[in-house]
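Below is one structure; the comments refer to it alone.
Both backbone and side-chain heavy atoms feed into the values below; hydrogens, waters and symmetry mates do not. Residue numbers begin at 1 in each chain, while the letters A, B, ... track the order of the sequences. In this text, all values refer to a predicted model and were calculated from it rather than measured experimentally.
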Amino acid sequence: MSLPEHAPSNFIRQIIDADLASGKHSQVVTRFPPEPNGYLHIGHAKSICLNFGLAVDYQGACNLRFDDTNPEKEDLDYVQSIQRDVQWLGFQWAGEVRYASGYFQQIHDFAVELIEKGLAYVDSLNAEQIREYRGTLTEPGRHSPYRDRPVAENLDLFARMKAGGFAEGEHVLRAKIDMASPNINMRDPIIYRVRHQHHHQTGDAWCIYPMYDFTHPISDAIEGITHSLCTLEFEDHRPLYDWVLDNISIACHPRQYEFARLNLNYTVTSKRKLKQLVDEKHVTGWDDPRMPTIAGFRRRGYTPQSIRRFCESIGVSRADSTVDVAMLEHAIREDLDENAPRAMCVLRPLKVTIENWPAGKVEVLQVPAHPKREDLGVREVPFTREIYIDAEDFSEDPPKGWKRLYPEGHIRLRGGYVMQCTAMEKDAAGQVIALTARYDEKTLGVNPEGYKANGVIHWVSADQSVPCEVRLYDRLFSVENPDGDKSRDFLEFINPESLQVMSAARVEPSVAAYPAESRFQFEREGYFAIDPSSTKGKLVLNRTVTLRDSWGKEQGKGGK
RNA sequence: UGGGGCGUCGCCAAGUUGGCAAGGCAACGGGUUUUGAUCCCGUCAUUCGUAGGUUCGAGUCCUACCGCCCCAGCCA
C-alpha cells in the first residue's frame, strides 16, 4: 500500500545499471560479510536487504562470508545465529557459506608475494613504538628502522612467525606504502599479526592472522564480487583496498562503494553496547524482545516481511541519518493489520456478572478472525454469565468523550451482545472489584432499538478463557539518542518501564491452539506473539507493538 | 591547523544534459466503522546549510564561508 513493493532506486543501483549497460559487468555478485562476534541487529538487516536484494532483483548472486580474522572475539554460536537470522529474513546465499579463514593459505601466499616484490616487510617495533612512528592526523609518520630489511630476511622472519617461533606482538608484517600519506590507513598498514589463538574454523592451523584491510579485498576478488558494499567509515580504507589488489597477482578487482549505516532513535546499534547489555544482564539475552537484534525482533513478533519493507522504506544514501523508530513500527503494524488474526485478551481482568444470563449456559459465538479477510475464517468465542472486561474500560466517573463502560451505561461486547452496567462492588479501599450487568438479548449482530451503546469493548469468558502472562514491552531507552551524551553512560538511559508483566491476563481459547511465534491482534490492545518459552501449562505472549491510539494521545495532551 | 565525506519539510528520501521541489513516516483537520484500530478524504518546503556569482532561468554550475560525521586498533 504505502510502502514500496519493490526497492526504489538509489545511487548503488544507478552504478550497477551503468556497469551493466556499459558491459563492465554482465552479472551482479555481492556479499554480506559479518564478523561472527555478536548477533545481527537492525543495522545489519539494512545491509542484508541491500546486498541480497540486489542479487535477487538483478538475478545475480550474494554470498554469505564470515569475516573471521580475529579469533579472539569470535565464536561458533555467532556463526550459527547469523545464518539462522539471514534465512529467517528470507534470504539464501549462493552456494556454501564462505569464510575468510577458508582463504588463509591464499592470503598468506599473497603476503609472501608482496614481500618478494619489496612491498611488505616484517617490523619488529612494539605496538607502542608503531603508534609513535605512525605520526598524527596533522604530522607525517616516520620510517621504521626495520623498513628496509632485505627480502630474504623478511621471508625468513615471516616464515618463522607462521611457524610459531615468536610471541604475540614480537613482529608484524606491514605493507610498504607511504609513511607520509595524509591518509593514515596508507602509512604502512599492518597486514599480519601473531595470535596464538584457537580459531573456530581453522583450529590451531594458524598462529598468524591477516588484518581486515588485507583480507577483505582478497576475499572479494577470490569470490568474483562485482560490487563490494560497506558503510561510510570504510571510505578511507578504499585506497588500501585498491592498493592490495593492484599489487598482487589476482585478475579480479571488485569496486568498493560505501553507504550510510542505519541509526535508529531510542535505540543503540553498536555490537559492543548490545553485548554489554547482554553480559551485564540488563536484558535476558541477545534475543530479548527489547533488543534491536534480528533475533529480538523475531521474538517480539516482527515478521521478516515487515523488516524487509522497513529497510526498503528508509532508502540507501550517503548522508548520516537517524531513522525514527515510528517507521519500523509503521512497517510491522501495516503487515500485522493485514495478516494477523484477531482475538480478545483482557490484561487487567474485572469480573462482570450478567444477572439475566443463566448460570452454566455457554453460547459459542462465531466471530470473524479478521474484519476484512474473510479467508481467515471465523473463531469460536464462548459467552457465559461471568465474563472479564479490562479494568481500564470502566470508569465510575467518566471524562468527557468516554466511549467505554460506566454506571448505568450501555456497552457493546465486541462480537457479542450489548449490556448495561447495573451495579458495582467495591472493596474497603473504595476500589471497584466487580460489576453486575444485564444483557440485551435482541442485540447479537443487531443494533439495539431505542437506545445506543456507548462504545465497544473487548471481553473474555471467566471460566472459558485461558490464563496467560502478557509481557508489555516498550522502548529500551527513554531518550532519543542514548549514546549521544559523551559525559553519560548509555546505561543510565535504560527505560525502567521497558517491560511490564501482566501476570493475571486472560485470553480467549482460540489463541491457545496456535504454535509458538504465532501473531495476533488483540483487539483494542495491539499486536502480540506467542513467546517460544510458552508451554501447554503456561501461555506467554509478547506485545509486539500497540495499536495507534488517538484517544490516549488526546488524553495525554491535557497533561497527565 | 592533515585527509575523507555529508548538509532538500520534525524524521527518512527522490531530484542524473540547469527549466520552475516526488513519495513515505510523523503531525493536524474531517468522513466511515460492533477494534477510540483499519480504511477514506484533506492540510503540511514561494524553498533546497549560508553568502555572493554565472544564466532568460540554479537544489542542480562557480566561489567563499558555516555546520555535522569518520580516520592516529597488532578490531572489523
Base, sugar-phosphate or nothing for [X]? Non-hydrogen atoms, less than 4.0 Å.
{"X": "A/Met211", "result": "sugar-phosphate"}
{"X": "A/Gly141", "result": "nothing"}
{"X": "A/Thr322", "result": "sugar-phosphate"}
{"X": "A/Gln521", "result": "base"}
{"X": "A/Val316", "result": "sugar-phosphate"}
{"X": "A/Leu262", "result": "nothing"}
{"X": "A/Ile457", "result": "nothing"}
{"X": "A/Lys271", "result": "nothing"}
{"X": "A/Gly415", "result": "base"}
{"X": "A/Arg414", "result": "base"}
{"X": "A/Asn265", "result": "nothing"}
{"X": "A/Ser317", "result": "sugar-phosphate"}
{"X": "A/Gly401", "result": "base"}
{"X": "A/Pro140", "result": "nothing"}

Of all the nucleotides listed ([options]), which has the minimum atom distance to the side chain of [X]?
{"X": "A/Arg342", "options": "B/A76, B/C70, B/U35", "result": "B/U35"}
{"X": "A/Arg131", "options": "B/G4, B/A72, B/C71", "result": "B/A72"}
{"X": "A/Leu137", "options": "B/G36, B/C71, B/A76", "result": "B/C71"}
{"X": "A/Met327", "options": "B/C74, B/A13, B/C12", "result": "B/C12"}
{"X": "A/Asp324", "options": "B/C71, B/C11, B/G4", "result": "B/C11"}
{"X": "A/Arg548", "options": "B/U38, B/A72, B/G4", "result": "B/U38"}
{"X": "A/Val323", "options": "B/C75, B/C12, B/G3", "result": "B/C12"}
{"X": "A/Ala319", "options": "B/C75, B/C71, B/G7", "result": "B/G7"}
{"X": "A/Arg318", "options": "B/G4, B/C74, B/C6", "result": "B/C6"}
{"X": "A/Ala326", "options": "B/G5, B/C25, B/U35", "result": "B/C25"}

Roughly how many Å apart are [M] and [N], using the [atom1] atom of each and rounding to a whole number?
{"N": "B/G10", "M": "B/A45", "atom1": "C1'", "answer": "12 Å"}
{"N": "B/C66", "M": "B/U55", "atom1": "P", "answer": "28 Å"}
{"N": "B/U8", "M": "B/A13", "atom1": "C1'", "answer": "9 Å"}
{"N": "B/C74", "M": "B/C69", "atom1": "P", "answer": "24 Å"}
{"N": "B/U60", "M": "B/U54", "atom1": "P", "answer": "15 Å"}
{"N": "B/U63", "M": "B/G5", "atom1": "P", "answer": "16 Å"}
{"N": "B/A37", "M": "B/A27", "atom1": "P", "answer": "12 Å"}
{"N": "B/C9", "M": "B/G4", "atom1": "P", "answer": "27 Å"}

TODO: Identify, between A/Leu413 and A/Leu547, the residue whose nearest nucleotide on RNA chain B lies closer to the 5' end.
DONE: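 Nearest nucleotide further toward 5': that of A/Leu413.
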
Task: Position toward the 5' end of RNA chain B (nearest nucleotide), A/Glu525 or A/Tyr212 - done: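 The answer here is A/Glu525.
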
Task: Residue list, side-chain hydrogen bond (donor to acceptor under 3.5 Å, both in side chains) with A/Thr443, at least two apart or on another chain - done: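 Applying side-chain hydrogen bond (donor to acceptor under 3.5 Å, both in side chains) to A/Thr443 gives none.
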
Open item on the list: For the CD atom of A/Glu508 and the SG atom of A/Cys345, what is their distance to the nearest 0.5 Å?
Closed with: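 If we round to the nearest 0.5 Å, A/Glu508:CD and A/Cys345:SG are 9.0 Å apart.
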
Open item on the list: Main chain of A/Ser181, side chain of A/Arg187: is a donor-acceptor contact present, judged purely on distance under 3.5 Å?
Closed with: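 The answer is yes, because a donor-acceptor pair under 3.5 Å joins these two groups.
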
Across all strands, who's sitting opposite [N] as a Watson-Crick or G-U wobble pair, both distances under 3.5 Å?
{"N": "B/C11", "result": "B/G24"}
{"N": "B/A76", "result": "none"}
{"N": "B/C6", "result": "B/G67"}

Open item on the list: Apply side-chain hydrogen bond (donor to acceptor under 3.5 Å, both in side chains) to residues A/Arg342 and A/His458 and explain how you reach the verdict.
Closed with: CA-CA 11 Å; A/Arg342 261 101 267 215; A/His458 57 100; over 6 Å; no

TODO: Identify whether the glycosidic angle of B/G4 places it syn (within 90° of 0) or anti.
DONE: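 That one's anti.
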
TODO: Could you check A/Phe166, A/Tyr121, A/Tyr192, A/Tyr146 and say which one makes a ring-ring contact (aromatic ring centres under 6.0 Å, His included) with A/His171?
DONE: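 Result for ring-ring contact (aromatic ring centres under 6.0 Å, His included) with A/His171: A/Phe166.
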
Task: Sole residue of A/Phe383, A/Tyr388, A/Tyr417, A/Tyr439 in ring-ring contact (aromatic ring centres under 6.0 Å, His included) with A/Trp459 - done: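 For A/Trp459, the ring-ring contact (aromatic ring centres under 6.0 Å, His included) check succeeds only for A/Phe383.
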
TODO: Ignoring hydrogens and angles, answer whether the base of B/U34 and the side-chain atoms of A/Arg412 contain a donor-acceptor pair closer than 3.5 Å.
DONE: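 By the distance-only test, yes, there is a pair.
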
TODO: Answer yes or no: side-chain N or O of A/Arg404 and base N or O of B/G36 forming a donor-acceptor pair under 3.5 Å.
DONE: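 Side chain to base: pair found, below 3.5 Å.
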
Open item on the list: Strictly below 4.0 Å: does A/Arg195 bring a side-chain N or O up to OP1 or OP2 of B/C75?
Closed with: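 Yes, such a contact exists.
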
Task: Of all pairs that satisfy salt bridge (charged side-chain N to carboxylate O under 4.0 Å, His left out), the ones with a partner from residues 129-138 of chain A, not counting sequence neighbours - done: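 Every pair satisfying salt bridge (charged side-chain N to carboxylate O under 4.0 Å, His left out) with a residue in residues 129-138 of chain A: there are none.
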
Open item on the list: Can you tell whether the side chains of A/Asp242 and A/Arg255 come within less than 4.0 Å, N to carboxylate O?
Closed with: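 Judged by the 4.0 Å cut-off on N to carboxylate O distance, A/Asp242 and A/Arg255 do form a salt bridge.
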
- [ ] For A/Asn10 and B/A13, give me the distance from atom CG to atom C1', rounded to whole Å.
- [x]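 Checked: the CG to C1' distance equals 11 Å.
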
